[in-house]
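The basis for the numbers below is simple: all heavy atoms, side chains too, and nothing from hydrogens, waters or symmetry mates. A, B, ... follow the sequence lines: proteins, then strands. Residue 1 opens every chain.
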Amino acid sequence: MTKRRALIIGGSAGSLDVLLKVLPELNPNVQFPIIVVVHRKQGMDSLLTDLLSYRTVLKVKEAEEKEPILNGNIYIAPSDYHLLIERDFTFSLDYSEKVNYSRPSIDVTFQSAAEAYHDGLVCLLLSGSNADGVNGLITNNLFGGISLAQEPSSAQVSYMPEQAILRTNVNILKIEEMPAYINSIS
Amino acid sequence: MPYSGAISDEQTEILINDVLEHHGYDFTGYSRASLKRRISRLYNLDKHLSFAEFRYKTLNDAVYFKHFVEGITVNVTEMFRDPSFYKVLREHILPSLNTYPFIRIWLAGCSTGEEVYSMAILLEELNLLNKSLIYATDINPSVLEKAGQGMFPLSQMKSYSENYIAAGGKRDFSSYYSANYSLAKFDPDLKNKMIFSTHNLVSDHSFNEFQLILCRNVLIYFDRSLQFNVLQLFDQSLENLCYLALGSKETIEFSPISSRYKRVGTEKIWRKTST
Ligand SMILES: C[S@@+](CC[C@H](N)C(=O)[O-])C[C@H]1O[C@@H](n2cnc3c(N)ncnc32)[C@H](O)[C@@H]1O
């Protein structure tokens, strides 16, 4: 069986700009799903989905509970729920305690995705002012996935990628390098 | 805690099985990713030395088992969560129920009661509380005990008050509670029309007929087939032309009951249109 692949992008303060730059450059035939988990204010869900839709020909939609995860779609984690991935590659939502003061928490999605995708998973952590996502990258590495972090000097808020670099093994990418890297995932 | 997978998939299944066979609680239809995360979290929090110890206590220690159920169910809740939803209840749904001589409301999965008090406040302001009865149920007896006390953290009141106003509330929210150290104790009059009782949506039956059923942020924890069973239970418990409301990310679409329901507006509220 060929391995299932997925790319998950996590970010907080300063990550939206990166997404807006990277998404337009993505290959329209990507053969894996892209799942985006960004911290933001409650109630801005459709706004973010619309905003990102304008920047890519790929289908952008909010992740819905029990929805099968399809290649070539960009899924946005809804605000105020944790987003988890089931073994049958469907989404689950969870309204449990915040993790790292965050819901959705990047750690929660990275960790549950690592358990589902194993070495097929690629996790990218962008700009942000807390360390949510770093534990998830550690788990991802444990399962043989690939962990990436935005180059801190290119980040509006460097703390999040810096923590990733300090605490685990990651490949470091500048914003301009991200599209080519993502397009080469196969 | 770098990794939540202290418990493996196989161990999760073993526990689910044990709990079903020895305690009669059926978690087999729960979504695994979240359930496993809760079980792993509990295992870490309680600092078990081995899975064998965790399993033994869950099986044999009644006090620990109670704690287990509390720990693996998610009890997070708020007052007037999703204000736009409560606004529709206030402006459309509840006033339309005024034609009934008596209004029975079922809040399934009510957790610690924040939703129940929000509902009672709406009914009170619409002058409907006197002829209403709110049945508030949950699988977890400990949260119901809390709900019955009607005391919520004072630190939350600012945010609840904002929700209340956004949901169309016109009064001074603080008139509904008195501050008691770090707690806000809600007006006991609101409680007169509440009945708290344990009810397991997986295994317990319909127990009355209602004009409004609310079950929010519970179905997300169930797999599709369990969701369908529970929706059928709600269907059996709902009078024709009355309303079913779910959480903001939940739906009756795709379910066998959907053909008999019509969505009301943009909130997750459906009206039963035939039996
Ligand atoms: C996240 S809370 C939702 C609280 C509230 N309805 C809200 O939306 O804010 C989920 C609740 O569902 C309850 N629950 C879980 N499984 C249940 C079952 N099988 N039967 C009844 N209640 C259940 C849990 O104990 C918990 O209190």
Side-chain angles (χ1 to χ4, degrees), chain A residues 42-43 45-46 62-69 76-100 103-105 107-118 131 133-143 145 147 163-164 167-168, chain B residues 1-10 12-13 29-38 40-42 45 71-78 81-85 109 111 115 159 162-163 166 216-228 246-251 253-255 266 268:
Chain A
Q42 223 175 306
D45 283 346
S46 54
E62 187 180 299
E64 292 179 68
E65 63 108 19
K66 306 288 139 45
E67 175 180 15
I69 303 171
I76 313 294
S79 62
D80 213 26
Y81 289 82
H82 295 303
L83 180 69
L84 295 99
I85 286 139
E86 299 288 338
R87 295 295 184 275
D88 61 356
F89 306 103
T90 57
F91 288 117
S92 275
L93 295 178
D94 181 351
Y95 186 56
S96 59
E97 296 80 1
K98 293 183 177 178
V99 174
N100 308 315
R103 193 172 49 221
S105 149
D107 274 342
V108 169
T109 306
F110 280 0
Q111 286 172 341
S112 83
E115 292 183 42
Y117 288 99
H118 297 266
V134 176
N135 285 332
L137 292 181
I138 295 173
T139 308
N140 182 38
N141 287 335
L142 220 63
F143 277 87
S147 295
Q163 286 298 307
R167 292 180 39 207
T168 188
Chain B
M1 185 179 57
Y3 172 44
S4 67
I7 297 291
S8 71
D9 288 6
E10 293 71 32
T12 304
E13 299 309 315
Y30 281 54
S31 298
R32 285 302 186 271
S34 167
L35 188 60
K36 185 184 168 202
R37 188 170 160 260
R38 299 302 289 179
S40 292
R41 174 179 169 272
L42 196 64
L45 278 178
I72 65 170
T73 52
V74 172
N75 305 312
V76 176
T77 184
E78 271 179 36
R81 175 167 192 224
D82 307 319
S84 58
F85 168 81
S111 191
E115 219 173 28
S159 123
E162 286 164 10
N163 286 354
R216 310 184 72 222
N217 300 302
V218 183
L219 295 183
I220 47 173
Y221 297 103
F222 299 168
D223 66 23
R224 273 276 188 259
S225 87
L226 180 54
Q227 287 180 351
F228 291 173
L246 302 179
S248 64
K249 304 299 175 192
E250 295 161 333
T251 185
E253 258 179 76
F254 321 118
S255 82
T266 54
K268 294 300 178 73

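- In this model, a donor atom of one side chain and an acceptor atom of the other lie less than 3.5 Å apart for A/Tyr95 and B/Arg81.
- Considering only heavy-atom pairs separated by less than 4.5 Å from chain B, the leading option among A/Val134, A/Asp107, A/Leu137, A/Val108 is A/Val108.
- Residues passing the side chain to side chain donor-acceptor pair (under 3.5 Å) test with A/Thr109: none are found, sequence neighbours excluded.
- Remark: B/Ser111 pairs with no residue by the side chain to side chain donor-acceptor pair (under 3.5 Å) rule, at least two apart or across chains.
- Between A/Lys66 and B/Glu250 no salt bridge is recorded (no basic side-chain N to carboxylate O distance below 4.0 Å).
- Both the backbone and the side chain of A/Asp80 come within contact range of chain B, with heavy atoms under 4.5 Å apart.
- Between B/Ser31 and A/Glu86, the shortest heavy-atom contact is CB-OE2, 3.3 Å.
- The minimum heavy-atom distance between B/Arg37 and A/Leu84, with the atom names listed, is CD-CD2, 4.0 Å.
- Listed options B/Val74, B/Ile220, B/Asn75 were ranked by heavy-atom pairs under 4.5 angstrom with chain A; first place goes to B/Ile220.
- For the atom pair NZ (B/Lys249) and OG (A/Ser92), the distance works out to 14.5 Å, reported to the nearest 0.5 Å.
- Between B/Arg32 and A/Glu115 the shortest side-chain heavy-atom distance does not fall below 4.5 Å.
- Taking each heavy atom of B/Ser248 and A/Tyr81 in turn, the nearest pair found is OG-OH, 3.2 Å.
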